[in-house]
Engineer: 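Shown below is the structure under consideration.
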Amino acid sequence: MERDVVVSDTAATGSSSSPSAASFAATRVICRVCQKQFAQYTCPRCNSRYCSLPCYKGHSLQCTESFMRENVMDELKQMQPEDESKKKMIDILKRLHLEEEMDSDGEDGEEIKIEDLSDDEVKRFRRALASGELSKMIEPWTPWWKKPSARLITLSPDGSQLIRQVREEDTATSGPMTDQEPVTINEIPEGPESPLPALKQLTRAEPSPLLAVHLVDILYSYCFTLRLYNGDWHSDPLGASTVALSMSKVMGEDAKPETVPEALTACIEETCSPAYRHTGGFRFAIGLLDDIISILSLGHNVLVCALSDFHRLIEAGKSMLKVEKVGKTESAQSSSKLRGAARKLFFMTCWVHEQPEEAWPPLARIVEVQKASLEELDTGNRKTDIKSKQQSKVLIEEL
(Lines give C-alpha, C1' and ligand atoms only; values in the text may rest on other atoms or scores of the structure.)
Protein backbone atom coordinates (compact mmCIF):
# COMPACT_ATOMS: atom_id res chain seq x y z
CA MET A 1 0.00 0.00 0.00
CA GLU A 2 1.30 3.45 -0.94
CA ARG A 3 2.14 5.89 1.80
CA ASP A 4 1.40 9.61 1.57
CA VAL A 5 4.51 11.78 1.40
CA VAL A 6 4.45 14.18 4.34
CA VAL A 7 6.40 17.37 4.79
CA SER A 8 6.27 19.54 7.86
CA ASP A 9 6.04 23.30 7.49
CA THR A 10 9.28 23.79 9.43
CA ALA A 11 11.14 21.23 7.31
CA ALA A 12 9.85 22.81 4.11
CA THR A 13 11.14 26.23 5.09
CA GLY A 14 14.30 24.94 6.68
CA SER A 15 13.89 27.24 9.69
CA SER A 16 13.64 26.42 13.36
CA SER A 17 10.79 27.63 15.50
CA SER A 18 10.01 27.96 19.16
CA PRO A 19 7.92 25.30 20.97
CA SER A 20 4.90 27.62 20.95
CA ALA A 21 5.24 28.25 17.22
CA ALA A 22 5.89 24.57 16.55
CA SER A 23 2.51 23.70 18.02
CA PHE A 24 0.91 25.59 15.15
CA ALA A 25 3.06 23.96 12.45
CA ALA A 26 0.81 21.62 10.48
CA THR A 27 2.06 18.51 8.78
CA ARG A 28 1.50 18.85 5.05
CA VAL A 29 0.94 16.03 2.58
CA ILE A 30 2.09 15.90 -1.03
CA CYS A 31 -0.64 15.20 -3.63
CA ARG A 32 -0.61 11.46 -4.35
CA VAL A 33 -1.53 11.99 -8.03
CA CYS A 34 0.81 14.67 -9.37
CA GLN A 35 3.42 14.48 -6.57
CA LYS A 36 4.09 18.20 -7.08
CA GLN A 37 1.63 20.24 -5.01
CA PHE A 38 0.55 20.06 -1.39
CA ALA A 39 -2.70 18.14 -0.99
CA GLN A 40 -5.69 20.19 0.13
CA TYR A 41 -8.46 17.59 -0.15
CA THR A 42 -9.18 13.99 0.80
CA CYS A 43 -11.25 11.54 -1.23
CA PRO A 44 -14.10 10.38 1.07
CA ARG A 45 -14.01 6.90 -0.45
CA CYS A 46 -10.36 5.84 -0.54
CA ASN A 47 -8.84 8.62 1.65
CA SER A 48 -6.34 9.54 -1.05
CA ARG A 49 -5.00 13.05 -0.71
CA TYR A 50 -5.13 15.29 -3.79
CA CYS A 51 -4.60 18.96 -4.64
CA SER A 52 -7.11 19.85 -7.37
CA LEU A 53 -10.10 18.77 -9.46
CA PRO A 54 -7.95 17.34 -12.31
CA CYS A 55 -6.08 15.20 -9.80
CA TYR A 56 -9.35 14.05 -8.24
CA LYS A 57 -10.61 12.99 -11.68
CA GLY A 58 -7.40 11.08 -12.34
CA HIS A 59 -6.79 9.46 -8.96
CA SER A 60 -9.35 6.65 -9.31
CA LEU A 61 -11.97 5.93 -11.97
CA GLN A 62 -13.72 3.65 -9.49
CA CYS A 63 -14.16 6.50 -7.01
CA THR A 64 -15.48 9.01 -9.58
CA GLU A 65 -17.89 6.46 -11.03
CA SER A 66 -19.06 5.62 -7.52
CA PHE A 67 -19.63 9.31 -6.86
CA MET A 68 -21.80 9.69 -9.99
CA ARG A 69 -23.66 6.47 -9.21
CA GLU A 70 -24.57 7.77 -5.77
CA ASN A 71 -25.78 11.02 -7.31
CA VAL A 72 -28.05 9.03 -9.63
CA MET A 73 -29.42 6.96 -6.75
CA ASP A 74 -30.08 10.09 -4.69
CA GLU A 75 -31.94 11.59 -7.64
CA LEU A 76 -33.96 8.43 -8.24
CA LYS A 77 -34.93 8.27 -4.57
CA GLN A 78 -36.53 11.69 -4.97
CA MET A 79 -38.80 10.37 -7.74
CA GLN A 80 -41.37 9.04 -5.30
CA PRO A 81 -45.09 8.67 -6.17
CA GLU A 82 -46.08 11.33 -3.66
CA ASP A 83 -43.60 14.03 -4.55
CA GLU A 84 -44.76 17.51 -5.48
CA SER A 85 -43.51 17.31 -9.08
CA LYS A 86 -45.67 14.26 -9.80
CA LYS A 87 -48.79 15.89 -8.38
CA LYS A 88 -48.14 18.99 -10.44
CA MET A 89 -47.60 16.94 -13.59
CA ILE A 90 -50.90 15.11 -13.06
CA ASP A 91 -52.67 18.48 -12.82
CA ILE A 92 -50.96 19.59 -16.05
CA LEU A 93 -52.03 16.43 -17.87
CA LYS A 94 -55.62 16.68 -16.66
CA ARG A 95 -55.83 20.30 -17.80
CA LEU A 96 -54.25 19.42 -21.15
CA HIS A 97 -56.65 16.51 -21.77
CA LEU A 98 -59.62 18.73 -20.88
CA GLU A 99 -58.46 21.39 -23.34
CA GLU A 100 -58.01 18.74 -26.05
CA GLU A 101 -61.58 17.54 -25.50
CA MET A 102 -62.93 21.08 -25.67
CA ASP A 103 -61.03 21.69 -28.90
CA SER A 104 -62.38 18.49 -30.43
CA ASP A 105 -65.96 19.39 -29.42
CA GLY A 106 -65.87 22.90 -30.83
CA GLU A 107 -64.74 24.40 -34.09
CA ASP A 108 -62.04 26.98 -34.51
CA GLY A 109 -63.66 29.95 -36.23
CA GLU A 110 -60.33 31.13 -37.65
CA GLU A 111 -59.58 27.84 -39.42
CA ILE A 112 -59.35 28.22 -43.19
CA LYS A 113 -61.08 25.50 -45.18
CA ILE A 114 -60.79 24.75 -48.86
CA GLU A 115 -64.39 25.96 -49.28
CA ASP A 116 -63.22 29.43 -48.26
CA LEU A 117 -60.87 29.66 -51.26
CA SER A 118 -61.83 31.02 -54.65
CA ASP A 119 -61.94 28.71 -57.67
CA ASP A 120 -58.62 30.05 -58.91
CA GLU A 121 -57.00 29.60 -55.48
CA VAL A 122 -58.32 26.04 -55.23
CA LYS A 123 -56.83 25.19 -58.63
CA ARG A 124 -53.43 26.65 -57.72
CA PHE A 125 -53.47 24.90 -54.36
CA ARG A 126 -54.24 21.50 -55.87
CA ARG A 127 -51.66 22.02 -58.62
CA ALA A 128 -48.96 22.85 -56.02
CA LEU A 129 -50.01 19.87 -53.92
CA ALA A 130 -49.85 17.45 -56.86
CA SER A 131 -46.48 18.72 -58.08
CA GLY A 132 -44.89 18.47 -54.66
CA GLU A 133 -44.22 22.20 -54.57
CA LEU A 134 -45.79 22.57 -51.11
CA SER A 135 -43.65 19.85 -49.58
CA LYS A 136 -40.53 21.54 -50.93
CA MET A 137 -41.44 24.75 -49.11
CA ILE A 138 -40.99 23.09 -45.71
CA GLU A 139 -37.95 20.87 -45.60
CA PRO A 140 -37.92 18.32 -42.76
CA TRP A 141 -35.24 19.26 -40.22
CA THR A 142 -33.07 16.66 -38.58
CA PRO A 143 -31.49 17.96 -35.35
CA TRP A 144 -27.72 18.09 -35.61
CA TRP A 145 -27.31 15.94 -32.50
CA LYS A 146 -29.19 13.14 -34.31
CA LYS A 147 -26.73 13.09 -37.22
CA PRO A 148 -23.80 10.63 -37.38
CA SER A 149 -21.36 13.54 -37.71
CA ALA A 150 -22.24 14.63 -34.16
CA ARG A 151 -20.27 11.63 -32.88
CA LEU A 152 -17.17 12.91 -34.65
CA ILE A 153 -16.98 16.32 -32.94
CA THR A 154 -13.47 16.99 -31.64
CA LEU A 155 -12.42 19.88 -29.42
CA SER A 156 -8.99 20.86 -28.14
CA PRO A 157 -8.07 20.19 -24.49
CA ASP A 158 -8.87 23.82 -23.66
CA GLY A 159 -12.39 23.42 -25.08
CA SER A 160 -11.92 25.49 -28.25
CA GLN A 161 -12.78 24.40 -31.78
CA LEU A 162 -10.05 22.45 -33.55
CA ILE A 163 -11.38 22.71 -37.11
CA ARG A 164 -13.54 25.54 -38.42
CA GLN A 165 -15.70 25.59 -41.51
CA VAL A 166 -14.84 28.18 -44.17
CA ARG A 167 -17.14 31.18 -43.93
CA GLU A 168 -18.66 33.09 -46.83
CA GLU A 169 -16.60 36.23 -46.22
CA ASP A 170 -13.40 34.16 -46.29
CA THR A 171 -14.12 33.12 -49.89
CA ALA A 172 -15.60 36.41 -51.14
CA THR A 173 -12.45 37.32 -53.10
CA SER A 174 -11.71 33.89 -54.54
CA GLY A 175 -13.14 34.43 -58.03
CA PRO A 176 -15.76 31.88 -59.13
CA MET A 177 -16.84 31.23 -55.53
CA THR A 178 -18.53 34.64 -55.41
CA ASP A 179 -21.17 33.42 -57.87
CA GLN A 180 -22.28 30.61 -55.60
CA GLU A 181 -25.18 30.76 -53.18
CA PRO A 182 -24.57 31.99 -49.60
CA VAL A 183 -23.13 29.48 -47.17
CA THR A 184 -25.85 27.61 -45.30
CA ILE A 185 -26.01 27.02 -41.56
CA ASN A 186 -23.29 24.63 -40.37
CA GLU A 187 -24.46 21.05 -40.03
CA ILE A 188 -22.81 20.92 -36.62
CA PRO A 189 -22.51 24.12 -34.55
CA GLU A 190 -18.96 25.15 -33.79
CA GLY A 191 -17.47 24.98 -30.35
CA PRO A 192 -16.04 27.95 -28.42
CA GLU A 193 -13.95 30.32 -30.54
CA SER A 194 -11.36 30.78 -27.80
CA PRO A 195 -10.04 28.63 -24.92
CA LEU A 196 -12.43 28.23 -22.00
CA PRO A 197 -11.12 29.67 -18.72
CA ALA A 198 -10.93 27.57 -15.58
CA LEU A 199 -13.86 27.93 -13.18
CA LYS A 200 -11.55 29.24 -10.48
CA GLN A 201 -10.89 32.24 -12.74
CA LEU A 202 -14.62 32.99 -12.89
CA THR A 203 -15.56 32.54 -9.24
CA ARG A 204 -13.93 31.91 -5.89
CA ALA A 205 -16.97 30.00 -4.63
CA GLU A 206 -17.43 26.28 -5.13
CA PRO A 207 -19.79 25.51 -8.05
CA SER A 208 -23.33 24.67 -6.97
CA PRO A 209 -24.09 20.93 -6.74
CA LEU A 210 -27.35 21.73 -8.55
CA LEU A 211 -25.64 22.69 -11.82
CA ALA A 212 -26.39 19.29 -13.36
CA VAL A 213 -30.11 19.87 -12.70
CA HIS A 214 -29.91 23.36 -14.19
CA LEU A 215 -28.14 21.92 -17.24
CA VAL A 216 -31.24 19.79 -17.95
CA ASP A 217 -33.43 22.91 -17.87
CA ILE A 218 -31.08 24.73 -20.26
CA LEU A 219 -30.86 21.79 -22.69
CA TYR A 220 -34.66 21.52 -22.75
CA SER A 221 -34.93 25.21 -23.66
CA TYR A 222 -32.26 24.87 -26.36
CA CYS A 223 -33.88 21.84 -27.98
CA PHE A 224 -37.36 23.41 -27.78
CA THR A 225 -36.17 26.61 -29.46
CA LEU A 226 -34.33 24.83 -32.27
CA ARG A 227 -37.27 22.51 -32.88
CA LEU A 228 -39.67 25.47 -32.95
CA TYR A 229 -37.49 27.35 -35.46
CA ASN A 230 -36.82 24.22 -37.54
CA GLY A 231 -33.12 24.55 -36.73
CA ASP A 232 -32.81 28.09 -38.10
CA TRP A 233 -32.73 30.48 -35.15
CA HIS A 234 -30.62 32.83 -37.30
CA SER A 235 -33.78 33.94 -39.13
CA ASP A 236 -35.10 35.61 -35.96
CA PRO A 237 -32.50 35.66 -33.17
CA LEU A 238 -34.45 38.09 -30.98
CA GLY A 239 -37.63 36.02 -31.23
CA ALA A 240 -35.69 32.80 -30.66
CA SER A 241 -33.91 34.21 -27.59
CA THR A 242 -37.25 35.44 -26.20
CA VAL A 243 -38.71 31.95 -26.60
CA ALA A 244 -35.62 30.40 -24.99
CA LEU A 245 -35.85 32.60 -21.89
CA SER A 246 -39.57 31.95 -21.51
CA MET A 247 -38.93 28.20 -21.62
CA SER A 248 -35.88 28.11 -19.31
CA LYS A 249 -36.82 29.07 -15.78
CA VAL A 250 -33.15 28.94 -14.80
CA MET A 251 -32.16 31.62 -17.32
CA GLY A 252 -35.42 33.57 -17.66
CA GLU A 253 -36.56 33.70 -14.03
CA ASP A 254 -33.35 32.88 -12.14
CA ALA A 255 -35.05 29.78 -10.74
CA LYS A 256 -32.98 27.17 -8.91
CA PRO A 257 -34.72 23.79 -9.24
CA GLU A 258 -33.27 21.18 -6.92
CA THR A 259 -34.21 17.99 -8.79
CA VAL A 260 -34.52 16.91 -12.41
CA PRO A 261 -38.29 16.20 -12.03
CA GLU A 262 -38.80 19.72 -10.68
CA ALA A 263 -36.87 21.27 -13.57
CA LEU A 264 -38.65 19.23 -16.24
CA THR A 265 -42.10 19.80 -14.73
CA ALA A 266 -41.67 23.56 -15.06
CA CYS A 267 -40.48 23.22 -18.67
CA ILE A 268 -43.30 20.86 -19.66
CA GLU A 269 -45.89 23.09 -17.99
CA GLU A 270 -44.68 25.97 -20.19
CA THR A 271 -44.73 23.73 -23.28
CA CYS A 272 -48.38 22.80 -22.58
CA SER A 273 -49.40 26.41 -21.92
CA PRO A 274 -51.70 28.23 -24.40
CA ALA A 275 -48.70 30.14 -25.78
CA TYR A 276 -46.94 26.98 -27.00
CA ARG A 277 -49.64 24.32 -27.10
CA HIS A 278 -49.66 24.52 -30.90
CA THR A 279 -46.20 22.90 -30.95
CA GLY A 280 -47.68 19.57 -29.88
CA GLY A 281 -48.09 19.90 -26.13
CA PHE A 282 -47.19 16.93 -23.98
CA ARG A 283 -46.13 14.61 -26.83
CA PHE A 284 -43.79 17.29 -28.14
CA ALA A 285 -42.34 17.66 -24.65
CA ILE A 286 -41.69 13.91 -24.43
CA GLY A 287 -39.81 14.15 -27.74
CA LEU A 288 -37.64 16.91 -26.28
CA LEU A 289 -36.66 14.59 -23.43
CA ASP A 290 -35.34 12.20 -26.09
CA ASP A 291 -33.29 15.10 -27.48
CA ILE A 292 -31.80 15.81 -24.04
CA ILE A 293 -30.96 12.13 -23.57
CA SER A 294 -29.24 12.06 -26.98
CA ILE A 295 -27.10 15.12 -26.23
CA LEU A 296 -26.09 13.87 -22.78
CA SER A 297 -25.32 10.40 -24.13
CA LEU A 298 -23.00 11.87 -26.79
CA GLY A 299 -20.94 13.42 -24.02
CA HIS A 300 -18.60 16.30 -23.35
CA ASN A 301 -17.84 17.67 -26.82
CA VAL A 302 -21.47 17.68 -27.99
CA LEU A 303 -22.57 19.38 -24.77
CA VAL A 304 -19.95 22.10 -25.16
CA CYS A 305 -20.99 22.71 -28.79
CA ALA A 306 -24.69 22.85 -27.85
CA LEU A 307 -24.06 25.36 -25.07
CA SER A 308 -21.80 27.43 -27.34
CA ASP A 309 -24.51 27.52 -30.01
CA PHE A 310 -27.05 28.55 -27.38
CA HIS A 311 -24.69 31.30 -26.20
CA ARG A 312 -24.35 32.60 -29.78
CA LEU A 313 -28.15 32.59 -30.09
CA ILE A 314 -28.52 34.77 -26.97
CA GLU A 315 -25.72 37.10 -28.08
CA ALA A 316 -27.38 37.50 -31.50
CA GLY A 317 -30.64 38.34 -29.72
CA LYS A 318 -28.83 41.01 -27.71
CA SER A 319 -27.43 42.55 -30.88
CA MET A 320 -30.82 42.49 -32.60
CA LEU A 321 -32.46 44.15 -29.60
CA LYS A 322 -30.23 47.21 -30.07
CA VAL A 323 -31.60 47.90 -33.56
CA GLU A 324 -35.24 47.05 -32.80
CA LYS A 325 -37.66 49.89 -32.08
CA VAL A 326 -38.63 48.96 -28.55
CA GLY A 327 -39.55 51.18 -25.61
CA LYS A 328 -36.66 52.13 -23.33
CA THR A 329 -38.07 50.34 -20.28
CA GLU A 330 -38.89 47.15 -22.19
CA SER A 331 -35.53 47.26 -23.98
CA ALA A 332 -33.62 47.69 -20.71
CA GLN A 333 -35.45 44.78 -19.08
CA SER A 334 -34.94 42.48 -22.06
CA SER A 335 -31.29 43.48 -22.39
CA SER A 336 -30.68 42.76 -18.72
CA LYS A 337 -32.26 39.31 -19.01
CA LEU A 338 -30.27 38.47 -22.11
CA ARG A 339 -27.00 39.58 -20.50
CA GLY A 340 -27.74 37.44 -17.46
CA ALA A 341 -28.59 34.44 -19.66
CA ALA A 342 -25.38 34.86 -21.67
CA ARG A 343 -23.30 34.89 -18.46
CA LYS A 344 -25.03 31.77 -17.15
CA LEU A 345 -24.50 29.94 -20.42
CA PHE A 346 -20.81 30.81 -20.50
CA PHE A 347 -20.35 29.68 -16.90
CA MET A 348 -22.27 26.47 -17.61
CA THR A 349 -20.08 25.80 -20.66
CA CYS A 350 -16.92 26.19 -18.55
CA TRP A 351 -18.39 23.95 -15.84
CA VAL A 352 -19.34 21.23 -18.32
CA HIS A 353 -15.84 21.39 -19.83
CA GLU A 354 -14.27 20.56 -16.45
CA GLN A 355 -16.52 17.61 -15.64
CA PRO A 356 -15.38 14.01 -16.22
CA GLU A 357 -16.85 12.21 -19.24
CA GLU A 358 -18.45 9.62 -16.95
CA ALA A 359 -20.68 12.33 -15.45
CA TRP A 360 -23.13 12.39 -18.38
CA PRO A 361 -24.45 8.81 -18.82
CA PRO A 362 -25.91 8.78 -15.28
CA LEU A 363 -27.60 12.15 -15.88
CA ALA A 364 -29.02 10.84 -19.17
CA ARG A 365 -30.33 7.83 -17.25
CA ILE A 366 -32.13 10.10 -14.78
CA VAL A 367 -33.88 11.87 -17.67
CA GLU A 368 -34.78 8.46 -19.18
CA VAL A 369 -36.37 7.37 -15.90
CA GLN A 370 -38.29 10.64 -15.67
CA LYS A 371 -39.50 10.27 -19.26
CA ALA A 372 -40.78 6.75 -18.56
CA SER A 373 -42.50 7.99 -15.41
CA LEU A 374 -44.22 10.84 -17.30
CA GLU A 375 -45.41 8.51 -20.08
CA GLU A 376 -46.80 6.14 -17.46
CA LEU A 377 -48.58 9.06 -15.77
CA ASP A 378 -50.07 10.16 -19.08
CA THR A 379 -51.27 6.65 -19.94
CA GLY A 380 -52.79 6.17 -16.50
CA ASN A 381 -54.47 9.56 -16.59
CA ARG A 382 -56.02 8.85 -20.01
CA LYS A 383 -57.33 5.47 -18.81
CA THR A 384 -58.85 7.17 -15.78
CA ASP A 385 -60.55 9.74 -18.01
CA ILE A 386 -61.97 7.02 -20.28
CA LYS A 387 -63.23 5.01 -17.32
CA SER A 388 -64.82 8.12 -15.80
CA LYS A 389 -66.60 8.89 -19.09
CA GLN A 390 -67.91 5.33 -19.36
CA GLN A 391 -69.26 5.45 -15.81
CA SER A 392 -70.93 8.79 -16.50
CA LYS A 393 -72.50 7.42 -19.70
CA VAL A 394 -73.90 4.38 -17.84
CA LEU A 395 -75.30 6.63 -15.11
CA ILE A 396 -77.00 8.88 -17.67
CA GLU A 397 -78.54 5.88 -19.45
CA GLU A 398 -79.88 4.52 -16.15
CA LEU A 399 -81.44 7.88 -15.33
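A quick note: this is a predicted structure, and the numbers were derived from the prediction, not measured.
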Engineer: Output yes when a side-chain donor or acceptor of S246 lies under 3.5 Å from a complementary backbone atom of V243, and no otherwise.
Structural biologist: yes
Engineer: Can R365 and E368 be counted as an ion pair, charged N to O under 4.0 angstrom?
Structural biologist: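 Counted as a salt bridge, because a side-chain N and a carboxylate O are separated by less than 4.0 Å.
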Engineer: Side chain to side chain donor-acceptor pair (under 3.5 Å) for R339 and S335? Distances and angles first, verdict last.
Structural biologist: CA-CA 6 Å; R339 283 197 306 271; S335 180; 2.8 Å; yes
Engineer: Please name the pair of heavy atoms, one in A263 and one in D217, separated by the smallest distance, quoted to 0.1 Å.
Structural biologist: CB-CB, 4.4 Å
Engineer: Is it true that a side-chain atom of H353 and a backbone atom of A198 form a donor plus acceptor pair closer than 3.5 Å?
Structural biologist: no
Engineer: Look at the side chain of S221 and the backbone N and O of M247, then say whether any donor-acceptor pair between them is shorter than 3.5 Å.
Structural biologist: no
Engineer: Check whether any side-chain N or O of Q355 sits under 3.5 Å from a backbone N or O of W351 as a donor-acceptor pair, and report yes or no.
Structural biologist: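 Flag set: sc Q355 to bb W351 pair under 3.5 Å.
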Engineer: Considering non-hydrogen atoms only, spot the tightest contact between T271 and F284 and give its length.
Structural biologist: CG2-CD2, 4.1 Å
Engineer: Using modelled atom types only, decide if a donor and an acceptor are shared between the side chain of R32 and the backbone of A39 within a distance under 3.5 Å.
Structural biologist: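 No.
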Engineer: I'd like to know if the side chain of S241 reaches the main chain of L238, judged simply by a donor and an acceptor atom lying under 3.5 Å from each other, with no hydrogens or angles considered.
Structural biologist: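 Indeed, once roles are kept as given, a pair shorter than 3.5 Å links the two residues.
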Engineer: Give the intermediate values and the outcome of ring-ring contact (aromatic ring centres under 6.0 Å, His included) for residues F224 and Y276.
Structural biologist: CA-CA 10 Å; F224 179 94; Y276 297 116; 5.2 Å; yes
Engineer: Report the C-alpha separation of R227 and D291 in whole Å, then their side-chain angles, then the decisive distance to 0.1 Å, and conclude whether the side chain to side chain contact (heavy atoms under 4.5 Å, CB included) test is met.
Structural biologist: CA-CA 10 Å; R227 288 275 188 184; D291 289 333; 2.9 Å; yes
Engineer: Find the distance between CD1 (I188) and SG (C305) and round it off to the nearest 0.5 Å.
Structural biologist: 8.0 Å
Engineer: For the pair S373 (side chain) and V369 (backbone), establish whether a donor and an acceptor sit closer than 3.5 Å, ignoring hydrogens and angles.
Structural biologist: no
Engineer: Would you sort out whether S273 and E269 count as a side chain to side chain contact (heavy atoms under 4.5 Å, CB included), showing the intermediate values?
Structural biologist: CA-CA 6 Å; S273 69; E269 183 175 20; over 6 Å; no
Engineer: Checking K147 against T142 for the side chain to side chain donor-acceptor pair (under 3.5 Å) test, could you report, in this order, the C-alpha distance in whole Å, the side-chain angles of both residues, the deciding distance, and whether it holds?
Structural biologist: CA-CA 7 Å; K147 297 181 179 180; T142 301; over 6 Å; no
Engineer: List the steps, then state whether side chain to side chain contact (heavy atoms under 4.5 Å, CB included) holds for L215 with W360.
Structural biologist: CA-CA 11 Å; L215 175 63; W360 311 123; 3.7 Å; yes
Engineer: Sequence neighbours left out, what passes side-chain contact (heavy atoms from CB on, under 4.5 Å) with R151? Give chain and number order.
Structural biologist: L298
Engineer: Indicate the atoms forming the closest heavy-atom contact of P192 with V304, along with that distance.
Structural biologist: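 Nearest pair, atom of P192 first, then V304: CD-CG1, 3.5 Å.
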Engineer: Between D158 (side chain only) and S160 (backbone N and O only), is there a donor and an acceptor less than 3.5 Å apart?
Structural biologist: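 Confirmed, D158 side chain pairs with S160 backbone.
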Engineer: Applying side-chain hydrogen bond (donor to acceptor under 3.5 Å, both in side chains) as the test, list every pair that has at least one member in residues 204-214; sequence neighbours left out.
Structural biologist: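 side-chain hydrogen bond (donor to acceptor under 3.5 Å, both in side chains) check on residues 204-214 returns no pairs.
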Engineer: Counting neighbours of CD on E357 that are heavy atoms of other residues, nucleotides or ligands and sit closer than 6.0 Å, is the number greater than 12?
Structural biologist: yes
Engineer: If you measure from the Lys or Arg side-chain nitrogens to the Asp or Glu carboxylate oxygens, is any gap between E375 and R283 under 4.0 Å?
Structural biologist: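 Looking at R283 together with E375, the answer is yes, because their closest N to O distance falls below 4.0 Å.
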Engineer: Would V213 and T259 count as a side chain to side chain contact (heavy atoms under 4.5 Å, CB included) here? Give the steps.
Structural biologist: CA-CA 6 Å; V213 175; T259 65; 5.5 Å; no
Engineer: Can you label the angle between the W145 ring and the Y222 ring as parallel, tilted or perpendicular, going by 30° and 60°?
Structural biologist: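 Answer is tilted, since the angle falls between 30° and 60°.
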Engineer: Considering non-hydrogen atoms only, spot the tightest contact between L363 and A212 and give its length.
Structural biologist: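 Smallest heavy-atom distance, with atoms named: CD2-O, 3.9 Å.
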Engineer: To the nearest 0.5 Å, how far apart are CG in D290 and OG in S297?
Structural biologist: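 Spacing of CG (D290) from OG (S297) equals 10.0 Å.
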Engineer: Going from CG on L313 to CG on L307, what distance comes out if it is rounded to the nearest 0.5 angstrom?
Structural biologist: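 Atom-to-atom, L313:CG and L307:CG are 12.5 Å apart.
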Engineer: Using a cut-off of 6.0 Å, state whether more than 12 heavy atoms not belonging to K146 lie near its atom NZ.
Structural biologist: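 Result for NZ/K146: enclosed.
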Engineer: Apply the side chain to side chain contact (heavy atoms under 4.5 Å, CB included) test between I292 and each candidate in L289, I295, L288; give the one that qualifies.
Structural biologist: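 Among the candidates, only L289 passes.
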Engineer: Taking all atoms of both residues into account, what is the closest heavy-atom pair of A150 and W144, and its distance?
Structural biologist: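 Scanning both residues completely, I find the closest heavy atoms to be CB-O, 3.4 Å.
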Engineer: Should the pair K249-E270 be classified as a salt bridge under the 4.0 Å nitrogen-to-oxygen rule?
Structural biologist: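 Between E270 and K249 there is a salt bridge, with a charged N closer than 4.0 Å to a carboxylate O.
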Engineer: Are any of the side-chain nitrogens in E315 or K318 under 4.0 Å away from the carboxylate oxygens of its partner?
Structural biologist: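 Result for this pair is yes, salt bridge flagged.
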Engineer: Give the minimum heavy-atom separation between I293 and A364, together with the two atoms involved.
Structural biologist: CG1-O, 4.0 Å
